[in-house]
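This report concerns only the one structure given below.
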Amino acid sequence: MAKTYDQILEEARAQVPEVSVDEAADLAAGPQPPLFIDVREKEEYREGHLGGAVSIPRGFLEMQIEAKAPDKDQPVVAYCQSGVRSLLAGRILKEMGYTHVRSMSGGYSAWKGAGRPWEQDFQFTSDQLKRYSRHFLLPEVGEAGQAKLLQSKVLCLGAGGLGSPVALYLAAAGVGTIGLVDDDVVDMSNLQRQILHTDDRVGVPKTESAKMTLTALNPDVNVIEHRLRLDSSNILDVIKDYDIVVDGCDNFPTRYLVNDACVMTGIPNVHGSIFQFEGQATVFKPDEGPCYRCLFPEPPPPGMAPSCQEAGVLGVLPGLVGCIQALEAMKLILGIGEPLIGRLAHIETLGMNVRVFNLRKDLDCPMCGTHPTITELIDYEEFCGLRGGTSASDADAA
Ligand SMILES: [Zn+2]
């Protein structure tokens, strides 16, 4: 016999005990808080929800509940806007074998009306919901992860070969603030690999050219130009507002300078370097792994490690290494996967040999060891034997 809406509701009430807003709040504050399931539509959830509640719209309940509440004896409290949909959802949960199901009477309206605390997740615009839809599909990223990306600040050192893929991919992925440090102008010889820049921008400052490209790709991104050369006097001021530094520079004084400043401030440094046909990338995260000085306590003698400008570099190579750096920066922001902390990825492109080496922290490291001897920034040109000026320190970003 067909049932009316009222009969269905009555049956649901008989099967699913209801709790008032006050009782739900007591349960939430108790020793074994139940899992609160918000069965409203995503749009309703986004506008505000109970803290810690998981969102499973009623239409997806059967499909998603087991992933979010695998233990069927776990107490759950379903709620919706007014207490009706959650009653019907509770009935489904009972049928699925959940043993401690309750529905919050009055729903979210009553909860909010009683002045109970609620939360609102990051508010995406309709364009953002489309732009980042492929991220939303990944449970490891989702809306919470995309909100983290949009609220994160990444500083790219160099808007050159490595900085180009790093900044392009981070901008596309929705990293909200991207800083670019470079004091150079676009040169025709850069265009073979530095894909942020275009032929008609030769002579334009690289940070300005990069900003045009990144903003055209994703207007969500706030691009900050730092048109300067980093040194001991300015680096701390430049990096202090960023969550992550991505080092794409091409000279040793800057590498040591960036390393020391990042260790001092605790900012993770996603390192990359390239040479002719090979490249490498790793993550120096203070307190969790080695730093650049653990690996290279001494700089190479001047002239022994030629730059791209002197030794040449294959066009696509910085794309490979820069993409690894961009990926590692994303993993750090999202807190997913295993970042390349204490490991170094090495790519040799002619034989296409990709290897990952384990790195060890040096307990005697003058910067991050047990008894550090470097406690302030030094003169890095002098440290690298370059005082007086040689080409290595003038080389542009890799
Ligand atoms: Zn170290």
Side-chain angles (χ1 to χ4, degrees), residues 154-158 162 166 181 230-240 242-275 278-302 304-305 307 321-322 324-325 327-329 331-333 335 337-347 355-387 392-393 397-398:
V154 176
L155 183 66
C156 295
L157 304 186
L162 293 170
V166 170
V181 180
L230 287 178
D231 60 34
S232 302
S233 71
N234 60 21
I235 187 167
L236 294 174
D237 200 43
V238 172
I239 68 173
K240 71 178 188 324
Y242 291 92
D243 306 315
I244 295 172
V245 166
V246 180
D247 184 1
C249 78
D250 185 26
N251 65 81
F252 288 94
T254 309
R255 263 177 217 156
Y256 283 98
L257 168 70
V258 170
N259 179 71
D260 294 0
C262 283
V263 173
M264 283 177 186
T265 52
I267 300 174
N269 171 13
V270 183
H271 171 85
S273 68
I274 49 176
F275 180 74
E278 57 191 280
Q280 56 193 34
T282 183
V283 174
F284 299 121
K285 190 166 185 206
D287 298 329
E288 288 187 32
C291 77
Y292 185 74
R293 282 184 188 268
C294 292
L295 275 51
F296 305 103
E298 298 290 334
M304 285 299 285
S307 66
V321 176
I324 295 175
Q325 290 179 280
L327 232 157
E328 290 301 317
K331 281 159 63 181
L332 291 175
I333 295 165
E338 287 174 50
L340 274 175
I341 300 167
R343 294 183 300 148
L344 181 140
H346 182 269
I347 300 181
R355 296 169 70 185
V356 178
F357 300 94
N358 288 323
L359 306 175
R360 289 178 71 170
K361 191 178 170 92
D362 177 6
L363 296 177
D364 295 325
C365 173
M367 195 64 218
C368 75
T370 37
H371 301 288
T373 52
I374 301 167
T375 52
E376 57 185 28
L377 298 176
I378 58 171
D379 183 330
Y380 293 86
E381 298 277 329
E382 189 177 294
F383 174 67
C384 294
L386 298 171
R387 188 49 74 208
S393 64

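In listed order, ligands and their atoms are each counted from 1. Side-chain atoms are counted along with the backbone in the values below, which use heavy atoms only and exclude waters and symmetry mates.
- For the ring pair (Phe, Tyr, Trp, His ring centres under 6.0 Å) criterion with F383, the lone passing option out of F252, Y256, F296 is Y256.
- A distance-only check finds a donor-acceptor pair linking the side chain of Q325 to the backbone of D247 [under 3.5 Å].
- Between atom CG of residue D287 and atom NZ of residue K361 there is a gap of 6.5 Å, rounded to the nearest 0.5 Å.
- Remark: I324 CD1 to Q280 CD distance equals 10.5 Å, nearest 0.5 Å.
- Using the six-membered ring where Trp is involved, H271 and Y292 have ring planes that are tilted, between 30° and 60° apart.
- With rounding to the nearest 0.5 angstrom, the CG atom of L359 is 11.0 Å from the SG atom of C291.
- Inside a sphere of radius 2.8 Å centred on the Zn ion (ligand 1), the protein N/O/S atoms present are C291 SG, C294 SG, C365 SG, C368 SG.
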